[in-house]
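Below is one structure, written out as structure tokens; comments come after it.
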Amino acid sequence: GYLLETAWEELPEAFRKQWLWGTGDTHITFTWRSGKSPMMYGGTFEGVAAELLDKYKNSSSKPQRLALEKFMRTQVCPACEGARLN
């Protein structure tokens with residue numbers, strides 16, 4: 001029920017979470033409107049953040065990893081403050 005033209009700030013929090021982290025096992029239908037007739041695809045949506053993290057973890061290209069790292073930050077675990085990390 002929401003088009004891609006909807007501003008991020010206007011999306012309900014639940015939809016923002018789905019855009020970032022996916023729909024889980026919920027089946028959704030994607031409609032691609034281009035050309036003479038719309039194309040429809042069905043399936044689950046992994047989420048933008050999950051897809052980018054997967055691309056980062058599985059990339060062997062240093063330039064691609066550096067490009068993705070511009071959108072990442074590191075943070076210390078609040079529970080152990082990094083003590084359990086190797």
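One-based numbering along the sequence shown.
In this structure, the side chains of F71 and L52 stay at 4.5 Å or more apart for every pair of heavy atoms. Contact check for E46 versus D54: side-chain heavy atoms found under the 4.5 Å cut-off.
Across all non-hydrogen atoms, the minimal contact from P38 to R33 is CB-CG, 4.1 Å. Residues E10 and R16 come closest through the heavy atom pair N-NH2, 4.5 Å. Closest heavy-atom contact between Q64 and S59: OE1-OG, 2.8 Å.
Neither M40 nor F45 shares a network with the other; the hydrophobic side chains, linked directly or stepwise wherever heavy atoms of I, L, V, M, F, W or Y lie under 4.5 Å apart, form separate groups for each. Under the 4.5 Å side-chain contact rule for hydrophobic residues, L66 and M72 do not share a cluster.
Annotation: W8, atom CH2; neighbour count of heavy atoms from other residues, nucleotides and ligands within 6.0 Å is above 12.
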Checklist entry - Between L68 and R65, does a side-chain contact (heavy atoms from CB on, under 4.5 Å) hold up when you go through it step by step? => result CA-CA 5 Å; L68 291 169; R65 290 183 68 141; 5.8 Å; no

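Note that the NE2 atom of H27 and the CG atom of D25 stand 11.5 Å from one another [nearest 0.5 Å].
Remark: the backbone N or O of T44 is not paired with any side-chain donor or acceptor of T23 at under 3.5 angstrom.
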